[in-house]
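One structure is given below, encoded as structure tokens.
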Amino acid sequence: QVQLAESGGGLVQPGGSLRLSCAASRLTFNIYVMAWFRQAPGKEREFVGGISRFGDQTSYADSVKGRVSISRDNAKNTVTLQMNSLKPEDTDVYYCAAAASSVIATTPRRSVYWGQGTQVTVSS
């Protein structure tokens with residue numbers, strides 16, 4: 001059974017940084033594009049950032065562009081989201097997702113595997 005396990009969430013003050021990690025198991029990691037989404041209670045899940053199968057292409061939501069960076073290590077089956085200059089509106093549950101696609105999946109319905117999510121809270 002495929003598993004995606006997120007870690008690194010927590011409480012951080014505005015302007016701070018967090019590094020989220022996602023460890024994948026039981027899948028051929030380098031055939032999947034990977035992405036991070038986030039979701040607040042009562043809201044739709046929204047795209048944060050994505051990375052191509054071999055890490056040569058990335059894509060970010062306008063709301064986080066310039067503040068986040070996504071990377072992957074295919075040897076370790078991990079994908080990482082570095083978030084800087086965090087704002088209170090970045091408070092959400094963050095999910096790691098895998099899509100069997102040749103392009104970065106920016107909509108949730110294109111991802112076939114999901115992690116359980118990790119809470120990020122930005123507050124003073």
Side-chain angles (χ1 to χ4, degrees):
Q1 183 176 355
V2 172
Q3 288 187 332
L4 300 179
E6 302 97 337
S7 62
L11 173 65
V12 63
Q13 292 186 343
S17 298
L18 278 177
R19 187 177 179 87
L20 306 184
S21 294
C22 173
S25 58
R26 302 187 186 93
L27 82 168
T28 305
F29 190 66
N30 63 11
I31 69 170
Y32 290 89
V33 297
M34 300 298 296
W36 288 90
F37 291 80
R38 65 186 183 184
Q39 187 172 24
K43 294 187 177 181
E44 294 185 355
R45 195 164 292 189
E46 66 172 3
F47 174 76
V48 177
I51 189 165
S52 59
R53 289 179 292 177
F54 296 101
D56 55 317
Q57 294 182 337
T58 57
S59 177
Y60 301 100
D62 288 342
S63 58
V64 300
K65 199 170 292 182
R67 300 189 295 119
V68 307
S69 177
I70 189 170
S71 60
R72 66 188 293 164
D73 186 335
N74 285 351
K76 297 181 179 179
N77 286 10
T78 58
V79 60
T80 300
L81 186 71
Q82 176 68 43
M83 302 191 295
N84 303 317
S85 303
L86 284 163
K87 305 176 182 180
E89 51 264 43
D90 294 318
T91 296
D92 272 324
V93 178
Y94 284 70
Y95 297 89
C96 172
S101 171
S102 59
V103 297
I104 295 171
T106 59
T107 56
R109 60 181 174 84
R110 295 179 63 191
S111 291
V112 293
Y113 299 115
W114 293 87
Q116 293 298 307
T118 184
Q119 176 70 47
V120 171
T121 302
V122 185
S123 176
S124 55

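All values below come from the heavy atoms of this structure, side chains included, with hydrogens, waters and symmetry mates left out.
- Residue pairs meeting the ring-ring contact (aromatic ring centres under 6.0 Å, His included) criterion with at least one partner in residues 57-106, sequence neighbours excluded, are absent.
- Placement of Ile70 and Val120 within a single hydrophobic cluster is found when ILVMFWY residues are connected by side-chain heavy-atom separations under 4.5 Å, directly or transitively.
- Legend: residues meeting side chain to side chain donor-acceptor pair (under 3.5 Å) with Arg45, ordered by chain and number and at least two apart, are Gln39.
- No side-chain donor-acceptor contact under 3.5 Å links Glu6 to the backbone of Thr118.
- In this structure Lys43 satisfies the salt bridge (charged side-chain N to carboxylate O under 4.0 Å, His left out) test with no other residue, sequence neighbours excluded.
- You'll find the side chain of Thr78 stays beyond 4.5 Å of the side chain of Cys22, heavy atoms only.
- When the shell of 6.0 Å around CD of Glu89 is examined, it contains more than 12 heavy atoms from other residues, nucleotides or ligands.
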Query raised in the report: Which is it for Ile104 and Ile51 under the side-chain contact (heavy atoms from CB on, under 4.5 Å) test, yes or no, and what are the steps along the way?
Result: CA-CA 6 Å; Ile104 295 171; Ile51 189 165; 5.5 Å; no

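- Note on Leu81: it does not cluster hydrophobically with Val33, by side-chain heavy-atom contacts below 4.5 Å among ILVMFWY residues.
- Judged by distance alone, with hydrogens and angles left aside, the side-chain atoms of Arg53 form no donor-acceptor pair with the main-chain N or O of Asn30 at under 3.5 Å.
- In this structure, the separation between CZ on Arg67 and OG on Ser85 is 7.0 Å, given to the nearest 0.5 Å.
- Among pairs with a residue in residues 14-41, those fulfilling ring-ring contact (aromatic ring centres under 6.0 Å, His included) read Tyr32-Tyr113, Phe37-Phe47, Phe37-Trp114, at least two apart in sequence or across chains.
- If you take CZ on Arg72 and CG on Asp56, they are separated by 9.5 Å, rounding to the nearest 0.5 Å.
- Between Val48 and Val64, the closest heavy-atom pair is O-CG2, 3.4 Å.
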Requested in this report: Could you walk me through whether Met34 and Leu4 pass the side-chain contact (heavy atoms from CB on, under 4.5 Å) test, one step at a time?
Outcome: CA-CA 11 Å; Met34 300 298 296; Leu4 300 179; 4.3 Å; yes

Requested in this report: Would you sort out whether Ser123 and Leu11 count as a side-chain contact (heavy atoms from CB on, under 4.5 Å), showing the intermediate values?
Outcome: CA-CA 7 Å; Ser123 176; Leu11 173 65; 4.2 Å; yes

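- For the side chain to side chain contact (heavy atoms under 4.5 Å, CB included) test, residues two or more places apart in sequence or in another chain that qualify with Ser63 are Arg38, Ala61.
- Counting only residues at least two apart or in different chains, ring-ring contact (aromatic ring centres under 6.0 Å, His included) contacts with residues 66-93 are absent.
- Shown here are the side chain to side chain contact (heavy atoms under 4.5 Å, CB included) partners of Thr91, two or more places apart in sequence or in another chain: Gln119, Thr121, Val122.
- Here CD of Gln82 is found 9.5 Å from OG of Ser21. Values are rounded to the nearest 0.5 Å.
- Considering only residues two or more places apart in sequence or on other chains, Asp62 meets the salt bridge (charged side-chain N to carboxylate O under 4.0 Å, His left out) condition with Lys65.
- Under the side chain to side chain donor-acceptor pair (under 3.5 Å) criterion, Ser17 pairs with Asn84, sequence neighbours left out.
- Of all heavy-atom pairs between Ala100 and Val112, the closest is N-CG2, 4.4 Å.
- You'll find the side chain of Gln57 stays beyond 4.5 Å of the side chain of Val103, heavy atoms only.
- Within the structure, side chain to side chain donor-acceptor pair (under 3.5 Å) pairs that include any residue of residues 99-109 comprise Ser101-Arg110 (at least two apart or interchain).
- No side-chain heavy atom of Thr80 sits under 4.5 Å from any side-chain heavy atom of Leu20.
- Legend: residues meeting side chain to side chain contact (heavy atoms under 4.5 Å, CB included) with Ser124, ordered by chain and number and at least two apart, are Pro14.
- Checked against side chain to side chain donor-acceptor pair (under 3.5 Å), Thr28 has no partners two or more places apart in sequence or in another chain.
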